[in-house]
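Numbers here simply count residues along the sequence, with the first being 1.
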Amino acid sequence: MSQCPECGNALECTAESGQCWCMQYPNILPPAAGDNLSCLCKTCLAKHINEKLESLYQEYSTNDLIRLAKPYREQKELVEGLDYTIERGFYVFSAWYHLRRGSCCGNGCRHCPYGKAEPSGYNNVG
C-alpha cells in the first residue's frame with residue numbers, strides 16, 4: 001500500500017504482477033520530463049487521462065482517435081470517470097467510451113465524437 005502523490009488517498013499498485021487495475025486505463029500518458037512516475041489513485045489517473053484526451057480530441061481526426069481507442073474495444077468493464085459519469089442517476093457516456101465502440105450508435109449522445117447524429121426516437125442522456 002502507498003499513497004497517491006496527488007491527493008494522498010491510499011492505493012495499492014500491483015503493476016509488477018501484470019494485473020493492476022490501472023491497466024484497464026488507456027496508455028496515452030507518456031511521462032514528461034520532471035513527471036512524478038509514482039502510481040496515482042483511480043480518480044487522479046482518470047483526471048490526468050481525461051485532460052490528455054481533451055487535448056487529443058482537438059489535435060487528431062476522428063479516425064485517428066478511433067485507432068487510438070481500438071485496443072481497448074474488447075475491455076468489458078467500464079471505468080467510472082473515464083468511460084462514464086453518473087448524472088441524476090443516469091449513465092452519461094464519454095467521448096472515450098464512444099471511440100472505443102468504434103462507431104456512432106445514432107442516439108444523439110451528448111459526447112458523441114462522430115458528429116451530431118439525430119436521436120432515434122427517445123430522449124438519451126448518453
field: Inter-residue atom distance Cys109.SG - His98.NE2, 0.5 Å rounding
entry: 4.0 Å
- request: Drop me the distance from Ser103's OG to Ile66's CD1, to the nearest 0.5 angstrom.
  value: 8.0 Å
task: Check Pro113 against Ala95 and note the closest heavy-atom contact, atom names and distance.
output: CG-O, 3.9 Å
field: Heavy atoms of other groups near Gln19 CD, more than 12 under 6.0 Å
entry: no
field: Where Gln3 and Leu11 come nearest, the two heavy atoms and their spacing
entry: C-CD2, 3.9 Å
query: Does Thr62 use its side chain to pair, donor to acceptor, with the backbone of Tyr114 at less than 3.5 Å?
result: no
query: What heavy-atom pair brings Leu82 and Ile49 nearest, and what distance separates the two atoms?
result: CD1-CG2, 3.6 Å
message: Looking at every non-hydrogen atom in both residues, tell me the closest pair between Gly102 and Arg73 and how far apart they are.
response: CA-NH2, 3.4 Å
- prompt: Got Val92 and Tyr84 here, is their nearest side-chain heavy-atom distance under 4.5 Å?
  reply: no
field: Point-to-point distance, once rounded to the nearest 0.5 Å, from NZ of Lys76 to CD of Gln24
entry: 13.5 Å
query: Passes side chain to side chain contact (heavy atoms under 4.5 Å, CB included), Asn9 versus Thr43? Steps please.
result: CA-CA 10 Å; Asn9 286 338; Thr43 301; 5.8 Å; no
- prompt: Quick one: does Tyr72's side chain get under 4.5 Å of Tyr25's, heavy atoms only?
  reply: no
- request: Mind checking the CZ-CD spacing from Arg110 to Glu87? Nearest 0.5 Å is all I need.
  value: 4.5 Å
- prompt: Taking side chain as C-beta onward, heavy atoms only, is Leu56 less than 4.5 Å from Leu65?
  reply: yes
field: Closest heavy-atom pair and its distance - Tyr57, Leu99
entry: CE2-CD1, 3.6 Å
task: State, with a plain yes or no, whether a side-chain heavy atom of Leu68 is found less than 4.5 Å away from one of Pro26.
output: no
message: Tell me if a side-chain donor or acceptor on Ser61 pairs with a main-chain N or O of Asp64 at a distance below 3.5 Å.
response: yes
message: Checking the side chain of Glu80 only, and the main-chain atoms of Thr85 only, is there a donor and an acceptor separated by less than 3.5 Å?
response: no
Asp83 (side chain) donor-acceptor with Phe93 (main chain) under 3.5 angstrom: no
message: For residues Leu53 and Tyr60: do they belong to one hydrophobic cluster (side chain heavy atoms under 4.5 Å, members Ile, Leu, Val, Met, Phe, Trp, Tyr)?
response: yes
statement: Rounded to the nearest 0.5 Å, the SG atom of Cys22 sits from the CG atom of Leu45 at a distance of 7.0 Å
message: Can you confirm whether Asn50 sits close enough to Glu54 that some side-chain heavy atom of one is under 4.5 Å from a side-chain heavy atom of the other?
response: no
query: Which atom names give the shortest non-hydrogen contact between Cys41 and Cys4, and what distance separates them?
result: N-SG, 3.5 Å
message: If the threshold is 4.0 Å, N to carboxylate O, is there a salt bridge linking Arg100 and Glu74?
response: no
